[in-house]
Every structure is written in structure tokens, then in C-alpha cells.
Amino acid sequence: MSRNPPAAKSVPPPAAEAMYARHRKVYPREVHGLFATLRVLGASLLLGLFYVTAWLPWDGRQAVLFDLPARKFHVFSLTFWPQDFFYFAWLLIIAALLLFYVTALAGRLWCGYACPQTVWTELFLWMEHKIEGPRNQRIKRDNAAMSASKVRLKSLKHGLWLLLSLYTGFTFVGYFTPIRELTGALAQFDLGPWETFWILFYGLATYGNAGWMREQVCIYMCPYARFQSAMFDKDTLVIAYDDQRGEPRGSRRRALDPHEAGLGECIDCNQCVQVCPTGIDIRDGLQYQCIGCAACIDICNRVMDKMRYPRGLIRYTTEHAVAGHAGRILRPRVIVYTLLLLALTTGLIYAIGQRTALDLDILRDRNSLYRETDNGLIENVYTLKIINMEETPHRYRLAVAAGQSGLTSLRLTKGGLTVAVGAGEVRSLPVVVSVDRHELRQSVNRIEFVIYAEDNRSLQRREVARFLGPVPEDGQ
Amino acid sequence: MEDNPTIPRVQRVIAVLWPSFLVAGAATVMFFTAFDPHDLADLLSRGASSTAIYSIGFFFFWSLTVSACALSCYFQRPCDRARTPAKRA
């Protein structure tokens, strides 16, 4: 089922049954260095954004609020309606393309630095390290018999994890129910059943994924991990071990010149394996389990410094660079992705900028197709749904136009010609349209409703509707 | 269900729960983009909150997709290991 990237070397399993062995817990060792700092910065920024954005106010409401009951998504000054689903789909396409683009250029940057799974795991690991101590202590404690101190540390860790998870769930729900109201309800023990349910659901999912599942999420649950090999080429930035330089690996005294002893520069300290959050050995080649977090680069550079060897035995490189070829950044796929992304993004910004903040839905009366009046008129009844998507109230003027039908006797007979709709509101308006019976040449006529804001003529909407009448008699 | 030895159990459980969760989420979004829960509220129970209807909708879709994924998983078992008549002496 699992495909390794094409560039991956085949790794012989250490023993036949190793593939089916029970999952072994990974104890990542703490690491410091350039990439660890970048990772912490990235994680802090993203977590900060998630936890803080929910609290930002904007124009008397929450700045980012996916208001499901009202069916409106507020994102700062923009408000999106179900009618705007198209933009959401467009945005998702851009996001997917962006992921392909970044992957083609720089490999799994997303996984290593930005994926919520990595970011929360990072946070949970940091807490684990603070509470339970470094890797060796954690392994020793897990293998030791239950003791008072073990129970105390484990309960402290899980208690804090659960607390953070529940707060995460609370923040998540706070994007759908105004978070200040939610806080008030929580303080008075008056949370709705479904809010409570989703806080627990999302909270426990966070606890399970970041506390327990960790790298298994990347290996078993992530579709991207499986198909990213399709986006890789020989110029994609990957984390690789320089086996030309490193092999044959082996431990040695620092004073020893490895070349005289017939050794490579890998001292086989195994630290790159110990820091790996997915528990792989980068020296076995590119593997689909590698999330590109660069922890092995940081730790190996430290070891190289200590040994007074040059850095970069494990480094960001490309397959071409390793093979000694010149790398190319501008490849056809990169150019195509760039152009596509530019076009789609510009298009989306333009489309949102040009969006008319007014929508008109026309529903025909379901009970009768048409009716005839005593004075020779044919009437059709419609219900208009006028949606004011702006954050200011407007008065709209309504008219009917003949459109393709060419009916000159078309009139709006009932229903106000002007209608006030409050900010972000939907107003239903029943209207009756009439036509002189003698002017009708066919039973189905295409007419138009036109609506515009009285204070802003550019806020205009034109919608086609069907006007039905009797089948004209022969000879007319 | 018998264990398929080549695929860890955790992977099979995830293979049923996770893709169905994702698809149910997408289906919920698409369904409720087209239909307003207020219009459906009469069909369900009067007075149900929108959040309740969205949630029930999601779990309805998830129950469908979980069934499909579970069946796929079930039918992936090798056929020759299914019940065959006992060998005769």
C-alpha cells in the first residue's frame, strides 16, 4: 500500500517480522539549533494566531467568526454567504496548488514547520520534556515499575495535556460560536449540549493526536505523506545524509584522523535517530515517514562541531546536488505552478473585490402557474429574497424589465417598489407581476427583475425569471 | 473480523474512521451550503438549534461513509480465507 518516493533507497527490513511488529513508542530527544529555532518560531506564530485570533474584535463583532446559525462567515472586513461558496472552493484550490508548489521546490516544509499535527505535537513534546525530563529519563521511567513519583509525573503531564486540549477545543468552537458568549456560558455552567460536545470532541482529538498518536498520524492518516513523492523531482530540496562522506561509519576517538583509519565522517553516535520524531534513520535514505523537520540536521551539526569536522553531513540538499549536478530552480513544473498560482490568486482577489454585496433569489409561487384578472391581465406571483451582504442598511428600488420577452405591458402590480433591508439581512418580499393577456405570444416568457440600492446605483443586481401564461389560442 | 497480518490493526481502524470523517465533513459543508437548516428544522424537530442540525447532519453523513469504508475494508480480505467447505478426508 505505502509507496516510497522514487528517490528512496530500498531499505531491507531488519528482520522479516519487523514490519508487523507492535508499534514501538518513539522518544524524541530534545534538540537545539538553527532549524529547531525556526520550528519553534513557526509553531509559536501559528499557535499564537490560532489562540489569539478568536479574541480579536472588529466593528463590534468577532473579527473571525464562522457564524453557522446565521450562515455568515466573517473574516475581518469581509462577510461571506452561502452564495459565496464558489470563493471558498477557489481558495481551497489555491491552497492545494500552493502546497504542491512548495513541495516541488522545498520538499516537506509544510510537514516539518506548519502542519497542525507537527505544531501541536511539538508543544506536547515540550511539555513532556519539561515535566518528565530528557529522553533517557523518560525511557527509564516508562520501563520502571509503577511508583509514587511516576504516578505523580504522569498524572501531571496528562492533566496539563488535557487542560490544554480542552482549551484548544474551546478556542476551536469559539470560531463558530462567539467566544466571549461561550466564555460567559462556560462561567455560568450554561454551555449548550452541542457546544459541550464539540469542545470535548475537538479537545480529545487534540489530546489523542498530539499526545498519543503523534507520528502515526503522519504515517497512517496523512494522504499528503503518501502522494508527495509525485510532486518531488531531482531538484526538490530534501533532507539527506551524505553517505559518500559519512561511510563507512564507526565510532572513533576525536584525535583520530578518519581518513587514515579508513572511516567516513559519520561517528555512528545514533543521535540523528534519537531526535527523529518519527523514529527513522535518515542514513537509510529518503523515506516517506520523514516529515522534513530537520532535527537530525541540527543534532548532526552539533556532533560535527564537537568532532571538528565540517557541518552538513546531514543537510538540506537535492538529489542532483548530491550526484554532483548543477541544481535547477526554474523547472517547467515550477514555472507552471507559479503562473497558475499567480493567475488564480489575482483572479480571486479581483473577484472578491468586484463582488456585488447584494443578492436576489427569485422563487415562483408553487400553488398556481398564473391567474387571470377580470380586466384581461395575466398575473404571476413571486417571492423575492433580497440579501444585503453589506454591513450597512440600504433601501433598494425594485423594477421588472421585459428582457428577452419584449413584453411592453409588463408591470409590477403588488409589492413595494422600494424595500429597506438591514445590514447583513435577508428580506422576503412577495410581488405580483402582470402582463396584458393580448400581448402574450407564448406560454413561457423570460423577464428580468432589477434591483439597485437607492444610495449607490453600482450596487445592482439583475436576475432572469420565467413569466408563465396560457398557451396562446390559434390564429393569434 | 480476522486480522490481515500485513496491515497493522491501527492502520485499518484509521483507514475506516479517517477518510470517512474527511468525506463526511466535505459532504456536510456542501449539503448545508445548499440547504438552510431553518428550512429543514420542520422536518426534524421543532426548536432544534442550527448547531444541533449541523451536528446531526455531520454524524448522519459520517455514519454513511463509515459504513462504506468498513465494507471496503471487510471485502479486502482474501477470498480464499473466507469460509470454504471443510476438506474431505
Side-chain angles (χ1 to χ4, degrees), chain A residues 1-2 16-24 66-73 80-89 92 117 173 176-177 182 191-202 205 208-209 212-224 226 361 363 385 387 426 428, chain B residues 2-42 44-63 65-66 69 72-73 75-78:
Chain A
M1 292 277 278
S2 60
E17 60 278 23
M19 271 180 79
Y20 322 130
R22 239 180 80 76
H23 167 69
R24 269 211 315 277
F66 306 114
D67 189 350
L68 289 178
R71 296 170 72 71
K72 282 189 256 181
F73 285 6
F80 293 94
W81 294 71
Q83 291 84 344
D84 298 328
F85 182 75
F86 171 70
Y87 299 111
F88 176 65
L92 285 183
Q117 178 62 29
V173 173
F176 296 91
T177 306
L182 206 61
L191 275 182
W194 286 104
E195 276 85 5
T196 315
F197 172 80
W198 285 114
I199 290 175
L200 289 176
F201 188 95
Y202 196 84
N209 281 344
W212 293 93
M213 302 278 292
R214 293 187 182 168
E215 78 288 348
Q216 296 181 78
V217 173
C218 310
I219 295 170
Y220 297 127
M221 290 169 73
C222 181
Y224 170 66
R226 300 288 184 89
D361 271 352
L363 302 167
K385 261 173 113 176
I387 305 162
V426 184
S428 283
Chain B
E2 280 176 52
D3 274 338
N4 180 346
T6 56
I7 300 175
R9 176 174 281 265
V10 56
Q11 189 177 354
R12 282 184 304 123
V13 172
I14 288 170
V16 170
L17 292 181
W18 180 236
S20 55
F21 179 86
L22 291 180
V23 176
T28 312
V29 169
M30 286 193 270
F31 180 80
F32 284 114
T33 303
F35 300 101
D36 188 336
H38 289 300
D39 300 339
L40 299 172
D42 294 338
L44 293 167
S45 62
R46 280 168 200 283
S49 74
S50 309
T51 317
I53 297 168
Y54 287 123
S55 306
I56 292 164
F58 170 73
F59 282 105
F60 171 73
F61 282 119
W62 199 10
S63 67
T65 48
V66 150
C69 288
S72 297
C73 196
F75 285 126
Q76 269 189 339
R77 292 191 316 165

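Just so it is clear, the values below take in all heavy atoms, side chains as well, and ignore hydrogens, waters and symmetry mates. Naming convention: chains lettered A, B, ... in sequence-line order (proteins, then strands); numbering from 1 in each chain. Because the structure is predicted, anything quoted here is derived from the model rather than measured.
Closest of all the heavy-atom pairs between Ser20(B) and Val16(B) is OG-O, 2.6 Å. Across all their heavy atoms, Glu195(A) and Thr51(B) have their closest contact at OE2-OG1, 4.1 Å.
Heavy atoms closer than 4.5 Å to chain B are found in the side chain of Phe88(A), but not in its backbone. With a 4.5 Å cut-off on non-hydrogen atoms, Phe21(B) touches chain A through its side chain but not through its backbone. No part of Gln83(A) comes within reach of chain B, as not one of its non-hydrogen atoms sits under 4.5 angstrom from that chain. Neither the backbone nor the side chain of Trp81(A) comes within contact range of chain B; no heavy atom of the residue lies under 4.5 Å from a heavy atom of that chain.
Counting non-hydrogen atoms of neighbouring residues, nucleotides and ligands closer than 6.0 angstrom, the CZ atom of Phe85(A) exceeds 12 such neighbours.
Aromatic ring centres of Tyr87(A) and Phe73(A) lie farther apart than the 6.0 Å criterion allows.
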